[in-house]
There are 2 protein chains.
Amino acid sequence: MLPSSTVENYLKAIYVGETHLTGGEQLVPMGQLAGALGIAPGTATTMVKALSESGLVVYEPYNGVRLTAAGQKLAARVLRRHRLIELFLVQVVGMKWDEVHDDAEQMEHVVSDRLIERIDEMLGQPEVDPHGDPIPTADGQLPHRTLESLLTCPLHTPVTVARVTDQDAAFLRFIESHNLKPGQTIEVEARDDVSDSVRLKGANNALMTIGARAASKLLVTG
Amino acid sequence: MLPSSTVENYLKAIYVGETHLTGGEQLVPMGQLAGALGIAPGTATTMVKALSESGLVVYEPYNGVRLTAAGQKLAARVLRRHRLIELFLVQVVGMKWDEVHDDAEQMEHVVSDRLIERIDEMLGQPEVDPHGDPIPTADGQLPHRTLESLLTCPLHTPVTVARVTDQDAAFLRFIESHNLKPGQTIEVEARDDVSDSVRLKGANNALMTIGARAASKLLVTG
DNA sequence: GATTTAATTTTGATTACTCAAAATTGACAA
DNA sequence: TTGTCAATTTTGAGTAATCAAAATTAAATC
């Protein structure tokens with residue numbers, strides 16, 4: 001049986017949740033999953049038990065959930081579709097990068113494999129989407145780059161923005177208007193723990209100060 | 001409340017059904033509706049009663065159903081989306097005309113107004129889709145051309161294919177392989193009621209014979 | 001007018017997904 | 001060890017959409 005949009009969304013959320021696990025953690029907590037999907041905790045429990053029955057996840061009561069190989073394959077497929085569609089909407093259709101998330105969120109569940117392959121071909125088998133998020137390969141591998149955030153990269157050294165890990169439209173518009181999109185070169189001038197902020201020099205030598213929370217969402221390469 | 005995909009499909013089927021009504025008929029019979037949607041007759045009855053409650057249709061028990069102004073507006077919107085998406089997938093994405101129906105069927109319910117407008121713009125406010133089916137305008141008007149079919153057009157007279165009223169992929173491939181797509185010029189050589197067939201001369205003077213049922217699906221202009 | 005038939009409606013049930021609120025569990029602190 | 005608390009699970013209920021099969025209706029035939 002092919003998975004419903006709902007099931008695909010659960011798997012995707014668990015998949016993304018797993019990549020955010022820190023340290024020795026193995027399982028995505030139910031609360032986090034429910035939060036990510038915007039549903040009541042009890043609903044998540046019920047659904048995850050069903051997914052477990054289908055062999056898509058391993059569920060440990062009170063501890064959390066993780067994907068099986070089968071679940072991971074499906075999740076990677078959905079994420080691949082999402083990111084290819086986002087890039088397509090920006091590159092081919094000419095939409096803005098802060099406009100494409102919701103359309104991709106819907107289209108990822110319904111378009112044919114043929115259309116996805118055609119998009120992949122048109123875009124030349126791209127590796128990242130407009131936000132710099134890596135696109136899983138057709139066989140379900142998620143390429144991993146080790147990137148530093150603006151909170152950890154070296155000071156007074158030119159770095160290139162590689163990834164923006166927040167889909168919020170207002171945030172993306174802020175990034176764009178301040179010339180901080182992936183590909184642009186910037187430099188961290190100073191960090192201040194007390195004021196919880198980071199001071200940057202932008203592409204055009206423009207100086208700006210952003211909060212630490214925002215800075216943590218900007219990933220760069222040396 | 002925004003209509004579900006299911007509701008949109010019911011409205012679209014009723015809308016299309018209305019355009020097929022012959023003579024003094026006003027209402028789409030429930031059986032025809034259920035058939036078009038591939039659902040059990042009882043399901044159609046239940047759903048249509050609910051649509052009637054919402055003011056989207058007028059339902060006359062045992063007689064059938066028709067759209068209200070509100071229902072018509074929604075239906076035209078869905079049909080517009082469907083046909084714009086089909087044309088987009090052919091013209092921009094480079095899919096074949098026999099491949100796009102299913103994707104359009106799904107996408108019509110989920111893509112944003114912004115994306116549809118962008119598509120409309122990219123295509124230059126087109127009037128017909130790849131099959132020659134008219135695209136409803138943004139304000140819900142369905143342009144109507146009076147076309148003759150190959151069963152009724154004059155003999156031995158060059159005519160241009162304007163519309164193919166069948167979405168079946170095999171049929172569309174047949175049409176394409178015989179150079180009978182919209183825009184191509186052909187001529188009806190003869191009709192034979194006994195053998196239930198029509199004899200044509202194609203673009204390259206190729207002669208062919210097709211059945212009356214197929215011929216009725218090819219609409220032409222003089 | 002009575003009867004048959006085909007279309008339609010009604011009935012009863014099922015599946016997938018959801019929530020609110022009550023009950024439970026496990027971990028940590030006292 | 002016991003109590004507290006937050007996270008989680010369970011319970012009971014609701015919505016939307018569907019089907020199969022029984023009941024009904026309208027129309028057509030006799």
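Side chains included, hydrogens not; waters and symmetry mates left out as well; all remaining heavy atoms used. The sequence lines fix the lettering, A, B, ..., with proteins before strands; numbering per chain opens at 1.
- The nearest whole Å value for the distance from the CE atom in B:Met1 to the C1' atom in D:dT15 is 10 Å.
- The structure places CD of B:Gln91 at 10.5 Å from CG of B:Asp129, a figure rounded to the nearest 0.5 Å.
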TODO: Could you please spell out the steps behind the side-chain contact (heavy atoms from CB on, under 4.5 Å) verdict for B:Ile210 and B:Leu150?
DONE: CA-CA 10 Å; B:Ile210 64 175; B:Leu150 290 188; 4.3 Å; yes
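- With sequence neighbours left out, the salt bridge (charged side-chain N to carboxylate O under 4.0 Å, His left out) criterion links B:Arg66 to no other residue.
- B:Leu37 has its CG atom 12 Å from the C1' atom of D:dA17, to the nearest Å.
- The CG atom of A:Leu2 sits 12 Å away from the P atom of C:dA16 (whole-angstrom rounding).
- Atom P of nucleotide C:dC17 and atom CD1 of A:Ile39 are separated by 11 Å, given to the nearest angstrom.
- Between A:Glu99 and A:Lys96 there is a salt bridge, with a side-chain nitrogen of the basic residue lying less than 4.0 Å from a carboxylate oxygen of the acidic one.
- Applying the ring-ring contact (aromatic ring centres under 6.0 Å, His included) test to pairs two or more places apart or on separate chains, those with a residue in residues 52-82 of chain A are A:His82-A:His101.
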N/O to N/O distances under 3.5 Å, protein versus nucleotides 10-14 of chain C:
{"unit_1": "C:dT10", "atom_1": "OP2", "unit_2": "B:Lys49", "atom_2": "NZ", "d": "2.3"}

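- A salt bridge is defined here as a Lys NZ or Arg NE, NH1 or NH2 lying under 4.0 Å from an Asp or Glu carboxylate O, and A:Asp120 with A:Arg81 fails to meet this definition.
- Rounded to an integer number of Å, the gap from CD of A:Gln32 to C1' of D:dA7 is 13 Å.
- In this structure, B:Leu27 places its CG atom 15 Å from P of D:dA26, rounding to the nearest Å.
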TODO: Check the pair B:Trp97, B:Leu89 against side-chain contact (heavy atoms from CB on, under 4.5 Å), reporting the backbone distance first and the verdict last.
DONE: CA-CA 8 Å; B:Trp97 78 328; B:Leu89 292 178; over 6 Å; no
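- The two residues A:Ser112 and B:Met95 have their closest heavy-atom pair at OG-CE, 4.5 Å.
- A salt bridge is absent between B:Arg173 and B:Glu176: the closest approach of a Lys/Arg side-chain nitrogen to an acidic carboxylate oxygen does not fall below 4.0 angstrom.
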List every contact pair, protein side and nucleotides 25-27 of chain C side both N or O, where the distance is under 3.5 Å.
{"unit_1": "C:dT25", "atom_1": "O4'", "unit_2": "A:Tyr62", "atom_2": "OH", "d": "3.2"}

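- In this structure, the nucleotide among D:dC19, D:dA17, D:dT9 sitting nearest to the side chain of A:Pro61 is D:dT9.
- The shortest distance between side-chain heavy atoms of A:Val164 and A:Phe171 falls below 4.5 Å.
- Rounded to the nearest 0.5 angstrom, A:Ile175 CD1 and A:Lys217 NZ are separated by 9.0 Å.
- Sorted by residue number, the list of members of residues 101-109 of chain B with any non-hydrogen atom under 4.0 Å from DNA chain D is empty.
- In this structure, CG on B:Leu180 lies 6.5 Å from CZ on B:Phe174, to the nearest 0.5 angstrom.
- Between the CD atom of B:Glu60 and the C1' atom of C:dT8 there is a distance of 14 Å, given to the nearest Å.
- A salt bridge between B:Glu108 and B:Arg80 is absent, with no side-chain N of the basic residue lying under 4.0 Å from a carboxylate O of the acidic one.
- Rounded to whole angstrom, the span from the CE atom of A:Met30 across to the C1' atom of C:dT24 amounts to 15 Å.
- Residues from residues 3-16 of chain A placing a heavy atom under 4.0 Å of any atom in DNA chain C, listed by number, are A:Ser4, A:Thr6, A:Tyr10.
- One finds a salt bridge joining A:Arg163 and A:Asp133 here, because a Lys/Arg side-chain nitrogen approaches an Asp/Glu carboxylate oxygen to under 4.0 Å.
- When each of B:Gly64 and A:Gly38 is assigned the nucleotide of DNA chain C with its nearest heavy atom, B:Gly64 is the one assigned upstream, toward the 5' end.
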